[in-house]
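Report on one structure; see the data block that follows.
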There are 2 protein chains.
Amino acid sequence: MARTGGAKDAGSAAWAPPAGDDDPVEAVLDLLRARGGRVTTSRRVLVTALFGGEDHRTAEALARAVQEVAPDVHLSTIYRNLEELEALGVVVHAHLGHGPATYHLASELHGHLVCEVCDATIEVPLAVFAALEAEARRRYGFVIDPRHFAVLGRCSSCAGATQERG
Amino acid sequence: MARTGGAKDAGSAAWAPPAGDDDPVEAVLDLLRARGGRVTTSRRVLVTALFGGEDHRTAEALARAVQEVAPDVHLSTIYRNLEELEALGVVVHAHLGHGPATYHLASELHGHLVCEVCDATIEVPLAVFAALEAEARRRYGFVIDPRHFAVLGRCSSCAGATQERG
DNA sequence: TTCGATGCAAATAGTTTGCATTCTA
DNA sequence: TAGAATGCAAACTATTTGCATCGAA
């Protein structure tokens, strides 16, 4: 569990899919059952979608994906299930600037740089934040969690364009 | 693609109150006039409130402050004026985690560390972000703007409490 | 057969917008 | 007196919640 700069886990431990050829979807569903939860169609389809598509999807995008298979699943059910999966440590959500939160598997640890101009999102290893982490800890005893909120700014092309204008 | 709102004027240069004994409120109102804008009661009172009270106030808090002097000023007017003042570079807003945005004078440059547990907000000099800035620029050519979004995490006391639990 | 999960509608929070009216310059 | 700014209501986005019903264990 070596963590960048010795940071501790915030929240519940991040869950990682089992190694080997076990189906990660079933593994998550087992986790749900072990908690006294029930495995419903919407949950099975949502978890499948999470492992299947791209990460950084909003609740709405996930709902659309789920509804291709199970059209009656309501958006509020998606929210409730994402909340449950987050409590289990299977998914995390991140805020990439304004707009809706995005969800991705907790096993994919990274921070985010988001361009304020063109909305480009760069996934960055947590190591990028190591120095900030050390500095915040040294000065304030503050332990940063660089995963939850993106760091905004300007991507290389937009920063260049701005610079020219002075 | 997922364009949330429009990319407005990403911000003129930060405006700083004139040195010397000029009234900074009048200086801002002059700025407004110079733009072809008009100086109304709500604007005068809002700008006065911005220079008078504490920083990091939400639109709602500012509305309450304004309404103590001018009770009829509507919240939507506050939003519209804050937007105008932001375009002029007089104020900036920051998102300190979930919840409403907070506004403060652009002349007060700093970043924010916000505790996810107890909501404590630490104003930090931008120097704290220097290493992250260098790293983001070196690796990705990305120029961070550490003022707009807070960096979340755990303050010293809440981090300590977590650590004990393991 | 129980109680957890769902669908739906409605509530919520924060912010924005349309429009007729008011008031500054 | 032109047109910028306002008050108000309503729309809007993202998310949460109450409640009757449904269905997994």
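In what follows, chains carry the letters A, B, and so on, assigned in the order in which the sequence lines appear, proteins first and then strands, with residues in each chain numbered from 1.
Rounded to an integer number of Å, the gap from B/Glu84 CD to D/dA5 P is 6 Å. Distance, A/Leu82 CG to C/dA5 C1': 15 Å, rounded to whole Å. Atoms CD (B/Glu60) and C1' (C/dA13) sit 9 Å apart, rounded to a whole Å. For the pair A/His93 NE2 and D/dT15 P, the computed distance is 8 Å after rounding to whole Å. For A/Arg43 and C/dT6, the CZ to P distance is 5 Å, given to the nearest whole Å. Distance CD (A/Glu83) to C1' (D/dA14): 14 Å, rounded to an integer number of Å. We find that CG of A/Asn81 is positioned 9 Å from C1' of C/dT6, with the value rounded to whole Å. Rounded to whole angstrom, the span from the CG atom of A/Leu75 across to the C1' atom of D/dA14 amounts to 9 Å.
Linking ILVMFWY residues whenever their side-chain heavy atoms come closer than 4.5 Å, directly or via other members, leaves A/Leu31 and A/Val92 in distinct clusters. There is no path of hydrophobic side-chain contacts, each under 4.5 Å, that joins B/Phe149 to B/Ile122.
Mapping B/Thr58 and B/Gly37 onto DNA chain C by nearest heavy atom places B/Thr58 at the nucleotide closer to the 5' end. Along DNA chain C, the nucleotide nearest to B/Pro100 and the one nearest to A/Ile78 differ in position, and the one closer to the 5' end is contacted by A/Ile78.
Below 30°, between 30° and 60°, or above 60°: for A/Tyr103 and A/His93 the angle between ring planes is between 30° and 60°, a tilted geometry.
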Passes salt bridge (charged side-chain N to carboxylate O under 4.0 Å, His left out), A/Arg64 versus A/Glu68? Steps please. CA-CA 6 Å; A/Arg64 279 196 300 273; A/Glu68 281 176 23; over 6 Å; no
Kindly determine whether B/Arg80 and B/Glu83 satisfy salt bridge (charged side-chain N to carboxylate O under 4.0 Å, His left out), including the steps that lead there. CA-CA 5 Å; B/Arg80 280 192 270 228; B/Glu83 192 179 19; over 6 Å; no
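With hydrogens and angles ignored, a donor-acceptor pair under 3.5 angstrom links the side chain of A/Arg38 to the base of C/dC3.
Closest to the side chain of A/Val39, out of D/dA25, D/dA5, D/dT15, is D/dA25.
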Using a cutoff of under 3.5 Å, can you pull out all pairs of nitrogen or oxygen atoms linking the protein to nucleotides 8-10 of chain D, with atom names and distances?
| from | atom 1 | to | atom 2 | distance (Å) |
| --- | --- | --- | --- | --- |
| D/dC8 | N4 | B/Ser76 | OG | 3.3 |
| D/dC8 | N4 | B/Arg80 | NH2 | 3.2 |

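A donor-acceptor contact under 3.5 angstrom links the side chains of A/His56 and A/Glu123, judged on distance only.
Within the 4.0 Å cut-off from OP1 or OP2 of C/dT15, at least one side-chain nitrogen or oxygen of B/Tyr79 is found.
Under a cut-off of 6.0 angstrom, the local environment of CD in B/Glu26 is crowded, with over 12 non-hydrogen atoms contributed by other residues, nucleotides or ligands.
Across all strands shown, B/Ala101 has heavy atoms under 4.0 Å from sugar-phosphate atoms exclusively, and none from any base.
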